[in-house]
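Note: hydrogens, waters and symmetry copies are ignored here, and every other heavy atom, side chains too, is used. Lettering follows sequence order; numbering is per chain, from 1.
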There are 2 protein chains.
Amino acid sequence: MREYISLATVAARAGVSVSTVSRIVNGEMRRASPATVARVLDAIEAVGYRPNPVGRALQRGQSQLVAMIAANLDNPAMATIASSTEAALREAGYVMVLCDTHDRPELQDEYLYAMRAQMVCGYVLVAAVPSRGLSELSASGAPTVFVSRRNPVGNGPFVGIDDCAAGAAVADYFANLGRRVPAVVFPRLGSSASRDRVSGFLAKLRERGWSDKAIIQADGEGRSHLQVGYNAGARIFGGSDTPDSILCVSDQIAYGVNRRALERGLKIPGDCDIVSIDGTPLNQWVAPWLKSIEIPYAVYGAEIVAGLQLIWRGESFGERLLPYKFG
Amino acid sequence: MREYISLATVAARAGVSVSTVSRIVNGEMRRASPATVARVLDAIEAVGYRPNPVGRALQRGQSQLVAMIAANLDNPAMATIASSTEAALREAGYVMVLCDTHDRPELQDEYLYAMRAQMVCGYVLVAAVPSRGLSELSASGAPTVFVSRRNPVGNGPFVGIDDCAAGAAVADYFANLGRRVPAVVFPRLGSSASRDRVSGFLAKLRERGWSDKAIIQADGEGRSHLQVGYNAGARIFGGSDTPDSILCVSDQIAYGVNRRALERGLKIPGDCDIVSIDGTPLNQWVAPWLKSIEIPYAVYGAEIVAGLQLIWRGESFGERLLPYKFG
DNA sequence: CTGAAAGCGCTTACAG
DNA sequence: CTGAAAGCGCTTACAG
């Protein structure tokens, strides 16, 4: 496993210099005579040569590695983003390195530095948290795409949905259905995405005549959104008013809320409608009671890679808000 | 982003040669005078030097990258394996590259070749499928750990559970409960793991007095185990005998079977008990009706990395069967 | 105890 | 149209 077929092998076989082989490997066909090109191509074929990305990376000061730094792979939404990004990168000839920060800034920084050392050619930050390293990355101008959560320490290319509009759509849905006691559940330490979903929801309800105090708001704590929902559920179903409609800013929060609702003997749907924002395919199988705004995570990968390619070409890429499906 | 602090920078600052700095960076402290060591350490600190893994990889013929080649990241069990492996590798100073083969042999091969070119120092194959490239890898003796499914084209280090025993445990459980019409649901194109679970289940039932025809066996097709279960469910609940107990070889199959059961108006549990082998944490939240053999996926990562480290040290590592929890 | 030198596989001005 | 040479950052015999 320690023998690699190098340019030199091919060059020797074709009777030319490594420079010539290198150029041809890199597609500069016109700079060599057709006869030479043919001979080199034959030699490549014959010995089964494949360019060594490590040598190339060292020389170019940049590898074909793209770092995906995600907050939590156990979250199915992030797993789907990772999976679709991986597929899109492979198709474009890149290799994805996966880093799971568990939402911890120190780990995020550790990875950011390690990836820089690996000379990665790009960064995909899914639900990034503020950190020193992120600020440095931001300032360095390295090719970076933020996903789901916007850059928490500046701005930069973003792939996601219009979170405000999504929240508002749920508000309209509840209002049109004639619901009177709406609630919203979100994580205590929310991202820009959570916040926008909540504020879009609240703004639209106000617009449609609700007073702020008529809307139940519950944040929850926990290391997973399941816990967040379960914890917030305790307060939501324990107050004087029981909501007849609940927006959960993620599927997993809805699962947690639902479990609490079941424990309290509530019928869902029926006593109370729950809508979440995520719409993971799993819902249809294990949570038919749940209505969702469907975020097209499976196409995130393609958009992220398209964004990176624009940036590599020096073109600008501000943000890409993908359409979601509801109902 | 194109400036990297190199050994040369440190050497210049410390007034020594790069060789000396290199040795010290690599922990060969005793080969330099204490004064030199101190000076070099200071310089490293002062300029914030970090070894460049690319240069190192090229020289050593081996990177610090470990390839994780998994069949399907959308499966929560694999996502958990990926996540725990990633954490364990990071702790050990390695970086994980993630490849999702979607269970396709050509893609698996593409990745295997690409990873070889990246000079990865190890392979983690989760649910590998037979392929040309896998045979080559197998023959090459490269450090490899197979996870969940054993090497389908030979043998090699394995991390998983005793699938046969797990299947048998479920058979005992059903028998002790007094169930009369057991069934088992598995994917048509099964892995060694599926097969072992099924055969362990069947063998134990036979031992306890069932005849083969008294056990309902249903395989299912589909691109996901959810589909597999749903499809097999149609046949299971459509026959002359309705089972009173079902073993599903994975959680997702159980979700699919359950959905079909609900459509047929069956009560679960009650009319029929379902037990699955996986025991993903999500079950407690979205499938309280499901009893499971719990596979400790969260500790797979540590075992996998421990296995790789044994192999790297030249020690042998046959297989590691982890204990599962049931009930 | 320390350094000069070669080389890992590659790319890229530069000279011819 | 082609090649010799330098260099990306590192490690490692080898010589002193």
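One distance of note links CG of B/L322 with CD1 of B/I295; it measures 9.5 Å at 0.5 Å rounding.
What separates CZ of A/R116 from C1' of D/dG9 is a distance of 14 Å, to the nearest Å. In this structure, B/M119 atom CE and C/dG9 atom P are separated by 6 Å, rounded to whole Å. The separation between B/Q118 atom CD and C/dC10 atom P is 12 Å, rounded to whole Å.
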Fill in: Sequence-aligned protein contact record of nucleotides 11-16 of chain D, with B where the base is within under 4.0 Å of a protein heavy atom and S where only the sugar-phosphate is
BBB---
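Between B/T144 and B/L137 there is a side-chain heavy-atom pair separated by less than 4.5 Å. At a threshold of 4.5 Å between non-hydrogen side-chain atoms, the residues B/F158 and B/R320 do not count as touching.
By the neighbour-count criterion of 12 heavy atoms within 6.0 Å, atom CG of A/D42 is densely surrounded, having more than that number from other residues, nucleotides or ligands.
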Item to complete: Before giving the answer on side-chain hydrogen bond (donor to acceptor under 3.5 Å, both in side chains), spell out for B/T20 and B/S17 the whole-Å C-alpha distance, their side-chain angles and the decisive distance to 0.1 Å.
Response: CA-CA 5 Å; B/T20 300; B/S17 72; 3.3 Å; yes
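For A/R116 and A/D109, the salt-bridge test fails: no basic side-chain N is under 4.0 Å from an acidic carboxylate O. Using a 4.0 Å cut-off between a side-chain N of Lys or Arg and a carboxylate O of Asp or Glu, A/R132 and A/E136 qualify as a salt bridge.
Heavy atoms of A/V16 sit under 4.0 angstrom from primed sugar atoms or phosphate atoms, though from no base atom.
Ranking D/dT2, C/dC1, C/dC8 by closeness to the B/T36 side chain, first place goes to C/dC1.
Close to D/dG3, at under 4.0 Å from its OP1 or OP2, lies a side-chain N or O of A/T20.
Closest-nucleotide positions on DNA chain D for B/R50 and A/A32 were compared, and the one nearer the 5' end corresponds to A/A32.
A heavy-atom distance below 4.0 Å to DNA chain D is reached by none of the residues of residues 38-48 of chain B.
Proximity of a side-chain donor or acceptor of A/S83 to a complementary backbone N or O of A/A79 within less than 3.5 Å is not detected.
Checked against the 6.0 Å centroid criterion, the rings of B/Y94 and B/W312 qualify as a close aromatic pair.
Pairing for C/dG3 is with D/dC14, a Watson-Crick or G-U wobble pair whose two hydrogen-bonding atom distances lie under 3.5 Å.
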